[in-house]
Visitor: 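This structure is in structure tokens; I'll ask about it shortly.
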2 protein chains.
Amino acid sequence: MNVQLNNFNSKREAILNSTLVLVKEYGFHGAPMSQIAKHANVAAGTIYHYFDSKETLIVELYIRTKDQLAEAILEGYDESKSYKDRFFKFMINQYNFYIQNEPAMVFLEQYINSPFAKNFPEKDSILFKEKVIGFFQAGIDGDYFKKIDPRLLGPTIRGTLVAAANFRLSEHMIYSEEDITEVVQIVWDGIKRQ
Amino acid sequence: MNVQLNNFNSKREAILNSTLVLVKEYGFHGAPMSQIAKHANVAAGTIYHYFDSKETLIVELYIRTKDQLAEAILEGYDESKSYKDRFFKFMINQYNFYIQNEPAMVFLEQYINSPFAKNFPEKDSILFKEKVIGFFQAGIDGDYFKKIDPRLLGPTIRGTLVAAANFRLSEHMIYSEEDITEVVQIVWDGIKRQ
DNA sequence: TGCGACCGAATGAACGTTCAATTAAACAAT
DNA sequence: ATTGTTTAATTGAACGTTCATTCGGTCGCA
């Protein structure tokens, strides 16, 4: 067991998690480095041992969070199921990830609509790009979906799921499998080949 | 003709427009008051003649922009048309507003995902609430749509249109009536009663 | 003894906001 | 019309605060 690596990871992870929580709560400019340090129980200077600047901290947090999202979406992937079933599984996984990780969802939405996304378009999760986007591309190629550009499809799906998750969270509603399926049905009905 | 009123409006409007452009370009914290003042050709102090603080400037800009969006959506409203036709008109109007006002679209998206929206939920466009949300509510009550909570319906529709507008803008594609209708069809197919 | 992890006070730049001074406009009296 | 008076609009340098970042030093392990 490499203790040094553990320490490395634990402080680094604490900083990332604190950034996620504080950015969600107060926005990018409302989450100063001093507060992030305090929340993560490290000194302000320690952050700069792991990250070059606040900017790179945010960008690396984005990639890590999107990686986590991709992993959550891909969980229980079963090649033997029908495309529609796999699509529903993807959507429900994504929805559940948002419900269970509100800070992650809010952060991702903030990031996408911030100048960061425009300034570092190449900084993104490789896992998400290959597996998730790839799956949607297969749906278009396989004639399950309308002939939509996949770059349009992704944000469309995300928009609906985020809207639904935001709504459920704001209403403090209790988790219900039917609710989720209803929302996914909206997405599916919209984009499937009629 | 009231010259005083003209001057009042012109400086105030210049400040609002500059804020819109700079926030779109650099984000909330990347658009300092000094830069907004310079861009609007006024002194820094002048901003505080019209707005109490940067916070209220942003909130008032949000309300004004959403009012403009509502007006654009309602343009050419024809009660004699079918609900579906009116819905398509609404959607196409909204889409066109986004395409023609990219800074407004980006600003609205940033605002919705910022702490402002959570801190001042009551600060919003009355016109939008009454006319646009009201129209969607009528669609649910009149059994044109699935039985969806209207608070879920709004963001769902917005998410798709914004995704589409963002995509068209990023690709610098030429305006095409068919493209728009295709996107609106996705929304309609998703939420209409099957 | 050396080295990387870590600390936190210090730094200087940038920011939102203020305010005393200036100019322009509106109004009143003549 | 002219002048004097009041009010509003505008300015930009100055202020105090906050912020991201730095750096000299401490600690603990190899």
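Please read these numbers as outputs of a predicted model, since none were measured by experiment. Naming: A, B, ... by sequence-line order, numbering from 1 per chain.
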Visitor: Would you mind telling me which of D:dT10, C:dA5, C:dC7 lies closest to the side-chain atoms of B:Y50?
Guide: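 Nearest nucleotide to the side chain: D:dT10.
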Visitor: Knowing that exactly one of B:D124, B:L127, B:I126 qualifies, which makes a side-chain contact (heavy atoms from CB on, under 4.5 Å) with B:D67?
Guide: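 Checked B:D124, B:L127, B:I126 against B:D67; only one passes side-chain contact (heavy atoms from CB on, under 4.5 Å): B:L127.
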Visitor: How long is the line joining CD1 of A:I15 and C1' of C:dA5, in whole Å?
Guide: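 Atom CD1 in A:I15 sits about 11 Å away from atom C1' in C:dA5.
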Visitor: Send over the distance from A:K38 NZ to C:dC7 P, rounded to a whole Å.
Guide: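 Answer to the nearest Å: 14 Å.
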Visitor: Do any N or O atoms of the protein come closer than 3.5 Å to N or O atoms of nucleotides 20-23 of chain D, and which pairs are they?
Guide:
from, atom 1, to, atom 2, distance (Å)
D:dA20, OP1, A:K54, NZ, 2.3
D:dA20, OP2, A:M33, N, 2.5
D:dT21, OP2, A:Y48, OH, 2.6
D:dT21, OP2, A:K54, N, 2.8
D:dT21, O5', A:Y48, OH, 3.3

Visitor: To the nearest Å, give me how far apart CG (A:L57) and C1' (D:dC19) are.
Guide: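 Going from A:L57 (CG) to D:dC19 (C1'), I get 15 Å.
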Visitor: Report the C-alpha distance between A:R12 and A:N17 in whole Å, list the side-chain angles of each, state the deciding distance to 0.1 Å, and finish with yes or no for side-chain hydrogen bond (donor to acceptor under 3.5 Å, both in side chains).
Guide: CA-CA 9 Å; A:R12 196 187 136 93; A:N17 289 331; over 6 Å; no
Visitor: Check the phosphate of D:dA8 against B:K11, side-chain N and O only, distance under 4.0 Å to OP1 or OP2. Yes or no?
Guide: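 For D:dA8, OP1/OP2 do not have a side-chain N/O of B:K11 under 4.0 Å.
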Visitor: Treating A:T46 as the side-chain partner and A:V42 as the backbone partner, does any N or O pair qualify as donor plus acceptor under 3.5 Å?
Guide: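 Here the side-chain-to-backbone pair does not exist.
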Visitor: Kindly write out the residues that satisfy side-chain hydrogen bond (donor to acceptor under 3.5 Å, both in side chains) with B:D189, not counting sequence neighbours, or none if the list is empty.
Guide: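 B:D189 satisfies side-chain hydrogen bond (donor to acceptor under 3.5 Å, both in side chains) with A:K146, A:Q194, B:Q185, B:K192 once adjacent residues are dropped.
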Visitor: Without decimals, in angstroms, what is the distance between B:Q35 CD and C:dG16 P?
Guide: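 After rounding, the reported distance stands at 10 Å.
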Visitor: Is there a chain of hydrophobic side chains (I, L, V, M, F, W, Y, each step under 4.5 Å between heavy atoms) that links A:I112 to B:F107?
Guide: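 Per the 4.5 Å side-chain linkage, A:I112 and B:F107 are not co-clustered.
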Visitor: Look at A:H49 and C:dA5 and indicate whether a side-chain polar atom (N or O) is within less than 4.0 Å of OP1 or OP2.
Guide: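 Yes.
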Visitor: Would you call the rings of A:F136 and A:F145 parallel, tilted or perpendicular, taking 30° and 60° as the class edges?
Guide: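 Tilted: the ring planes of A:F136 and A:F145 meet at 30° to 60°.
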Visitor: Just how far, in rounded Å, is C1' of C:dT18 from CZ of B:F51?
Guide: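 Atom CZ in B:F51 sits about 18 Å away from atom C1' in C:dT18.
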